[in-house]
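As the structure is a computational prediction, the values presented were derived from the model and not from experiment. The sequence lines fix the lettering, A, B, ..., with proteins before strands; numbering per chain opens at 1.
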Amino acid sequence: MVAELVESALSDLRNLCETAYPLEACGALLGTGDGDLSPWRVMRVIPTPNRHGDDKRRYFSISPELQLAIEREAEHAGEEVLGYFHSHPDCPALPSDCDRTHAWPSYLYVICSVVKARTVGIAAFAKVSQDGTLLPVPVTPTDPVNQSSLESPSWPSRS
Amino acid sequence: MAVTILIPTPLRRFVGGSKSLEVIAETVQGALTALADQSPELHQQLFDDQGHLRSFVNVFLGEDNVRDLAPAGGAVAVHDGDVLTLLLAIAGGAPT
């Protein structure tokens, strides 16, 4: 279970999460692969409004109507909705109890930790059983032009 | 009526990995029941113990959310060639 994230998608992810700060950003991950027989390959991210009604600093939810539009968009582009991303403002890029409760098997979940409007960590997870466990998924930033992994597999915050 | 149901990625493992299935039904509820009959696990994912569609499962008939078409949970008729899209609610949050 591994994932690749093309450089432009990684850059967009950071920008979206930093722009949304101090609120949680959220959206979909589109690309190819299934994380099982072939690696997830995230080609792009599609942001969605955070429609959570209570505390957008701590929670997010995505409108089903927007999910449908994203599914249509992915199908039109010959891609799959691989999973979803959201940010953790001023919190680490680790799944919360809420994340575990709402996670679905077979989806890739990317969490972006943002502190003072700067990305300080990005991590990916997947649910492999019904007990709520979210396992870390190794993610490699990838150069879409060369179709190869970049030199550094770690993602330090931007300088 | 022959209806196509588009299956979200997390539920495809219950139907042999298929992205879509065709069922014969007269209503949305009937179509979902026909789908759920293929797997007890899938039935449990879609319906609660009272047979009601779980709150985190959203169903679209074409571009229309079925909950908007029948707010009280009444029957929604389907027609030959209709497409139902199943979607699972997406939510989460930061540690508190």
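- Under 3.5 Å, the side chains of H102(A) and D97(A) contain no donor-acceptor pair of N or O atoms.
- At a 4.5 Å heavy-atom cutoff, the contact between E65(A) and chain B is made by backbone and side-chain atoms alike.
- Inter-residue side-chain proximity for F60(A) and S87(A) is flagged as unmet; no heavy-atom pair is nearer than 4.5 Å.
- Atom CD of E75(A) is surrounded by 12 or fewer heavy atoms from other residues, nucleotides or ligands within 6.0 Å.
- Looking at E41(B), there are no atoms closer than 4.5 Å to chain A (heavy atoms on both sides), in backbone or side chain.
- Of the atoms belonging to E24(A), it is side-chain heavy atoms, and not backbone ones, that fall under 4.5 Å from chain B.
- Side-chain atoms of R41(A) and E79(A), non-hydrogen and from C-beta on, never get closer than 4.5 Å to each other.
- For the set H86(A), E80(A), K56(A), the count of heavy-atom pairs under 4.5 angstrom toward chain B peaks at E80(A).
- Two residues are said to be in side-chain contact when any heavy atoms from C-beta on lie closer than 4.5 Å; S113(A) and I122(A) fail this criterion.
- Here the closest heavy-atom approach between residue S61(A) and residue A91(B) is recorded as CB-CB, 3.9 Å.
- Contacts between T9(B) and chain A at a heavy-atom distance below 4.5 Å involve backbone atoms as well as side-chain atoms.
- Contact of R100(A) with chain B is not made at all, since no heavy-atom distance falls under 4.5 Å.
- Only the side chain of L6(B) has a heavy atom closer than 4.5 Å to any heavy atom of chain A.
- Interface residue Y84(A): only side-chain heavy atoms are found under 4.5 Å from chain B.
- In this structure, the separation between CE on M43(A) and CG on L30(A) is 10.5 Å, given to the nearest 0.5 Å.
- Put simply, of P92(A), P105(A), C91(A), the one with the most heavy-atom pairs under 4.5 Å next to chain B is P105(A).
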